[in-house]
Amino acid sequence: MAPQKKAAAIWLLLFLQSTATVFSERTRDKMYEPILGASCFRRLNGTHQTGCSSTYSGSVGVLHLVNVDADLEFLLNSPPSPPYAPLIRPHLFTRANLLRLKEAGPKIISVVLLINRTDKMKQFSHELNCPNQYSGLKLNRSMSETATCDASGNVANTWNRWGTGLLHEDFPFPIYYIGEDKDIFKLEDCFEKFNNFNYESHALRSLCAVEVKAFMSAAVNSEVCIRRTNFINNLGGSRYCDPMEGRNVYATLYPRNASENVEVNVAGSEKFIIVSCRLDTTSMFDGLGMGAMGSLVGLAILTQVAHMLRLLLPSPGALSDRQRNVLFVVFDGESYDYIGSQRFVYDMEHLAFPSPSTHTAPISLENIEFILDIGALDDVANIKLHTLTSTPLANQLLQQLNRYAKSPRYNFTVNIESNVGYHIPPTSAQSFLRYDPKLPVLILNSVPSNRYYHSIYDDLENVEFTYANASKDYTTLADIGDTANIFNSSALQMGVRNVSSIVAMTLYEILSGKQYQGSLVANPLLADEFFYCFLQSSDCPLFKAASSPNSPAGPQQPPMRYISVQGGSQESSGWTYRMLGYLLSHPQPAVSKENCTQLPLFFFAGLNGTGECRLTTQNYTHALSPAFLIDNYDWRSGDYSTWTESTWSLLSARIFLRPSNVHEITTLSIGIVVFIISFCLIYIISSRWEVLFEDVPASNAA
Amino acid sequence: MDATSATPPDADGSLSGATERLERPPKRQQQQQQQQQRTNYGTNNADATDGAVLTVPSVVIRESGSRPSRLNAGGNDGGHSSGSGPGPSQHDIEEEQGLKYGAQHVIKLFVPVSLCMLVVVATINSISFYNSTDVYLLYTPFHEQSPEPSVKFWNALANSLILMSVVVVMTILLIVLYKKRCYRVIHGWLILSSFMLLFIFTYLYLEELLRAYNIPMDYPTAVLIMWNFGVAGMMAIHWQGPLRLQQGYLIFVAALMALVFIKYLPEWTAWAVLAAISIWDLIAVLSPRGPLRILVETAQERNEQIFPALIYSSTVIYTYMGTHYTPEETLPTATATATSSPSFSNSTTTTRATQNSLASPEPAAGPSSSSTRPGNTRTNQQRQQDNPSAAEEEAAGFTQEWSANLSDRVARRQIEVQSTQSANGRSNEYRTVTAPDSTQQPEAQEERGIKLGLGDFIFYSVLVGKASSYGDWTTTIACFVAILIGLCLTLLLLAIWRKALPALPISITFGLIFCFATSAVVKPFMENLSAKQVFI
Amino acid sequence: MDISKAPNPRKLQLCRTYFMTGFALLPFVWAINVCWFCEEAFRKPPYPEQAQIKRYVIYSAIGTLVWTIALISWIIIFQTNRAAWGATADYMSFIIPLGSA
Amino acid sequence: MTLPEFFGCTFIAFGPPFALFVFSIANDPVRIIILIAAAFFWLLSLLLSSLLWFAAVPLRDVLVFGVVFSVLFQECFRYIIYRILRSTEQGLHAVAEDTRVTENKHILAYVSGLGFGIISAMFALVNVLADMSGPGTMGLKGGSEFFFITSAAQALSIVLLHTFWSIIFFNAFDTNNYVHIGYVVGTHLFVSLLTLLNADGYYWATLLPNYIVTVLTGAIAFKVAGGTGRSIKRFIMCR
């Protein structure tokens, strides 16, 4: 027994160690080379499908590097062996070119590859000239487009003058973005080696081709795909598309007192100042796009305002009116027809905000004192205060803002002007105004100067952010001069500091009824940490401090800020939730860690990682468009956002040599010929084999 | 011809001449034609005669060789068929005959087995649905989620133990029912199980097939197809239909079952179950107190003809004979034998009828009265030979759901061949039957059909399918060859021992060995070679 | 079973049963009937039941043909108009294709 | 999808063997069984050789080692088959449908050889074929686009060679003709080692000699099996 066992054990060991070492290469590994990148995918709204999809089995095209427009002409006019897959640089990725490729059709152009060669790139935005063109404020119900932006008129007056609107086009071919240099080299090298010579003989050669698999399940529009998804027509039902949904994050400056019978009484006398901004961004390609300038600056400012107010007004006691409170709301899915804010307004309208589970009285629109919406602050030095009509409130606010902005004491070099009228920016406020144009809504927005709005290039270069990594306490307010040595005055952090200080001071004045005299301003270090977390790595001090101790560190990538769908990564809303919670919460030294388990009490890691229990006020609301709640909603009405995202099985790309037809045909014909000949020959032989092997007995005489 | 093997054929040759003159000539010509169609080297005369002479004696060898032995056998041990030796010489001859039937029937089984495996492998490689286990059976509570191989191992072991215990329980239940003669229940379950396979699993299969190729289809069409397919299948399997159709349906059903196993059994559990099943098969069939053995013996005591439901057999002879002699009586017989029929519920009587129908021809048929008595014993023996399969069929009765299906597959897994005696019995009657015999010679071979339980089909296919699900074709081919060889050996043993044998152990053992060896050792070697285009 | 061995009345009975069964929306059974009894009906030397068998076989053949034509035309109609019919087509569908209208 | 390539290569490699199978094997059960048995024995030999290759970890990348030993193993198993078949000849004689199987011993040799050839060609080619059915062809990272067709041609030559070898081999042992035995083993080694050049893309340097060897071996096998120039003449004259 024993020796046998031993032998068996030895064999087993040998197998294990050697199977580990054995490297066996299938032929296909020599044929194919995977290419990493991000794919464009399909989104649908109530009437259209946008984005792109490959064919069911994957689209194959011959690589062709497009350096100048002439190359494109060549592909479109005289393709030697279509279909082709043009490698396009960003500066050629224009609406005109793409539409021409689209017209050429999948027979000529089967794949489009966008390579990350940003030299010569001046602007790159695929959003419409008028973002959320069909869901904004409308003068009267009849017109379908928003009154706040004129897409047909002068592009210079639109909110995204560089936008190509490609994000809202439907392409018959997949578009694949290759960011990594080594992958781009692979492609270019393959192109040079196999394709880029003797174009006449393309049809006769094996050419370097790319196969992109990005097949999208959904089609036509949200109505159809939602219907098909909900209709169980066989055993294994299949999902075609999912509605875009995320989570709005809100937090109050002061904890609201819990009231039991929430369903009956509206929060009668409570008055809320809503400070809002948007959480999400979007881009054409899956998992890319940070929306640094487009939406992150606003979020940074809101965060700092909240934090500063929390420090300046620690308790309601300091207020002129104790019933007042500030509600900070961060809306998700605003890039897609204001999903978050539409739902927020819808909930308020139906007294469903906050959700009964919070045991706090519902807030109706009557409780709102005014709404200060922080839009896209592309230029943090020149800000406009937008209002529909000039109201005393607006004037007063403007004057207060300007007082602090202009005050030599702080020398914030910020210029705030009023802008009254229908030309208001595409921000969350439009949802409120759309519900009731008379709502007291003020929008802080700057003249649009973002050339990369809603694109993969709206990143930290776009906002010229460099992480100072001062590793000092960022949770306190800073004195005016404090951080001058760390940041130069033009740095993003300083700009954010200025604006948020101004807003915070103004709100302080409004809330407390007395001017702000202190020398403390918002802390640019907080902005520094904030941007580092949201633009470079989730594994950052601020997020660490805002999460519970010894919770796993975030990934090295920045959080994805595309709204995505249910079950998608909602990390941005999650981080925002914790961060707001941390920055707005009140420490509870009395409470021990054990009792500090369920909300509103939360045990944060805190600045130095040694946990502390804090009383938090933040919460989520569901950011799912009401269109998906209302039964038999008219998808074409355009009342609410109807955006859905198609499902897909995999997104992948690989390059290989595509054999020429000639090669294939010759191989096949040779095979067939061999087959037939052998058949005939062997038939003849086997039918008359006795003749052939006549003297059989002789041979096996032995 | 060399001297050693010369003598017996000569002796037969003379005999054969006689018999030939009696009624062979038409058949012989027809035999020639067949040879011309089949083999292309039958043209010139020498060969033709050769072939014909060779075929006819091959009938007659049995006559001369085994009739006395049969008599003895009939006398000595009331037909306990286990080759109880008359003279050694005769024994040898019998063995040769056994081998001879083997040689033909091995192929008769290779084709369907290969077809079944082909269906499964093709499905596995084209429809990813059957490739991924996400839903689990009730009987495999451990899902092998943990990465730890040791944990997986224990999970697999536990799962397979549970499954096996279910199987055992069902089989014992089956014995009880069978002893209690609850044929109605048994048959009800039998119909139900095949109904499930033919409708529900086929529905699933169709759905996944269409989905895999993204082909739209409307419900009217789908329902019509399902309805037609299912009903035709029920008719062919449980009632009467063309033999080919029935066989095709049986193969398809087996393939479906195998696919279901592959789909719903966790990775390691599948392998464990394969091993366990083959061991269980060994025990159940061979051990003296093994349940299947008990079934067989009860069946023999009752002397019953039992229907081969859902068993793959190439034989239609009972039907033929029954119908030929006593049509009205043998309607049940026919159904009861060639295909399992509802009318089996009144089993005993019908089987009696069968007996009459089988025995009655003898006096009329036999060239000599001496052949009649043997004839009777023969038929009995033959019936006893059939019983194993019969018993297994009863097992089929139990299938309602998963376990049931499993159990009956397991219970039905057994090979069974008519002994030479019964074969001769038939060949004897043959002589008297002047049936329009365009297909008689093949028939003559088909009748002493080897029966292979669908369970064998299923588990062979599970093995090959599992192997192919790793995307390496060499492994698949290795498993395929190994299983076929195992089947060959089993049939060889069958021909030698003349007793019901379990078909799984050898094949599955070979299959498992080759599967793992190939995927672990041979695959890297071959891939290194074929990557460098080195041929060995 | 092997039909060529069955006695003639039995053949006739089988053939009739198959033919009758075919009326339960079972063209496939008719097709089987045709293939199965074709030989009996046309190639065999005549016997009394053959006439009827022949009739049944022919009728079954016609039935199969009609069914085939009907089914094919319906499939063509459905596939071509599926997109146009919208919701109705979806509710009629056993498999709705991915990624297309 | 280069299905054309796939089918082309499949036809090239497995067309002739398939024809052989259809016309000379398929209608005799005994031959089919022998064929599969031979395939099984080839598998055993492969298993042994790969075990050796596997166990000799340092020599893994030295393919020559593996090749040589696998060739030797194959020949050993060829011999084992020979012994088995010869010893079971009586049984076979009784079993056989038409006694030609046993009358003409070359049929046994031929069948088992074909079994060897088919299985080895399958093992060499089947995964390549499977990979071939994708959209691409060889040549992205080295390797010419003739990879597949040459592989198929090689496989075909291997099938034929194995068949011929077996005929020669069996007869050589019947007649104690050691030259022939040596020839078989030698050519087998030669061919297998020659294919090592394929890795560097010397396709013609390997294919041409291989086919020359194939034809040569075929001629020898033909002679051994009792064919003569006269018989060929008569064959062609169709008399």
Side-chain angles (χ1 to χ4, degrees), chain B residues 203 206-233 235-236 239-246 315-328 330-331 334-335 337-339 433 435-440 442-443 446, chain C residues 1-11 13-15 17-18 21-22 24-40 43-45 47 64 67-68 70-72 74-83 85 88-101:
Chain B
Y203 175 91
L206 179 67
E207 176 186 332
E208 292 307 329
L209 187 71
L210 291 173
R211 186 169 291 159
Y213 293 101
N214 201 23
I215 304 168
M217 182 180 263
D218 57 315
Y219 253 108
T221 318
V223 168
L224 188 73
I225 290 173
M226 293 299 309
W227 169 245
N228 277 272
F229 183 83
V231 172
M235 286 173 77
W239 191 53
Q240 298 190 348
L243 179 65
R244 292 275 165 241
L245 191 71
Q246 182 193 4
T315 166
V316 290
I317 183 58
Y318 311 118
T319 323
Y320 153 44
M321 288 189 304
T323 45
H324 184 73
Y325 292 112
T326 54
E328 62 289 346
T330 51
L331 159 55
T335 55
T337 51
T339 67
V433 171
D437 56 354
S438 61
T439 60
Q440 196 157 17
E443 284 279 325
E446 275 183 357
Chain C
M1 63 178 290
D2 180 357
I3 199 63
S4 63
K5 300 288 183 308
N8 298 337
R10 176 99 190 109
K11 290 179 196 166
Q13 183 191 352
L14 268 176
C15 189
T17 326
Y18 264 75
T21 323
L25 301 179
L26 290 168
F28 187 41
V29 174
W30 274 340
I32 296 170
N33 200 14
V34 173
C35 307
W36 202 14
F37 286 94
C38 195
E39 178 115 8
E40 286 298 321
R43 308 241 170 72
K44 288 295 170 64
Y47 50 90
T64 319
W67 264 105
T68 328
L71 192 62
I72 290 174
W74 158 248
I75 289 176
I76 291 171
I77 292 172
F78 181 80
Q79 299 292 358
T80 43
N81 299 341
R82 199 176 49 78
W85 291 351
T88 9
D90 283 355
Y91 292 131
M92 284 170 71
S93 289
F94 172 53
I95 295 289
I96 304 174
L98 302 177
S100 66

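The figures that follow rest on heavy atoms only: side chains count, while hydrogens, waters and symmetry mates do not.
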Just so I know, are the side chains of [X] and [Y] near enough to count as touching, which here means a heavy-atom distance under 4.5 Å?
X: C:M92; Y: B:M217; result: no
X: B:L224; Y: C:W67; result: yes
X: C:L14; Y: B:W239; result: yes
X: C:P97; Y: B:N214; result: yes
X: C:I96; Y: B:P216; result: no
X: C:W36; Y: B:L245; result: no

- Query: Looking at residues at least two apart in the chain, or sitting in another chain, which of them share a ring pair (Phe, Tyr, Trp, His ring centres under 6.0 Å) with B:Y219?
  - Reply: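 Applying ring pair (Phe, Tyr, Trp, His ring centres under 6.0 Å) to B:Y219 gives C:F94.
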**Which atoms of C:P9 approach chain B - backbone, side chain, both or neither, heavy atom under 4.5 Å** =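 It is neither, since no heavy atom gets under 4.5 Å.
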Quick one: what part of C:I75 sits under 4.5 Å from any heavy atom of chain B, side chain, backbone, both or neither?
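C:I75 touches chain B through side-chain heavy atoms alone.
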Contact winner vs chain B - C:G99, C:A24, C:C35, C:A89, heavy-atom pairs under 4.5 Å |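 Maximum pair count with chain B is reached by C:A24.
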Margin query: Using every non-hydrogen atom in the two residues, find where B:N228 and C:V29 come nearest and quote the distance to one decimal.
Written below: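 Looking at all heavy atoms of both residues, the closest pair is OD1-N, 4.4 Å.
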**Prompt:** Where on B:I215 is there a heavy atom nearer than 4.5 Å to chain C: the side chain, the backbone, both, or neither?
**Reply:**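 For B:I215, the contact with chain C is made by the backbone alone.
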Item to complete: Output the distance between atom CG (B:D218) and atom CZ (C:R82), rounded to the nearest 0.5 Å.
Response: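 Reported value, rounded in 0.5 Å steps: 10.0 Å.
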| message | Let me confirm one number: the CZ-CG distance from B:R211 to C:L98, rounded to the nearest 0.5 Å. | response |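 One gets 8.0 Å once the value is rounded to the nearest 0.5 Å.
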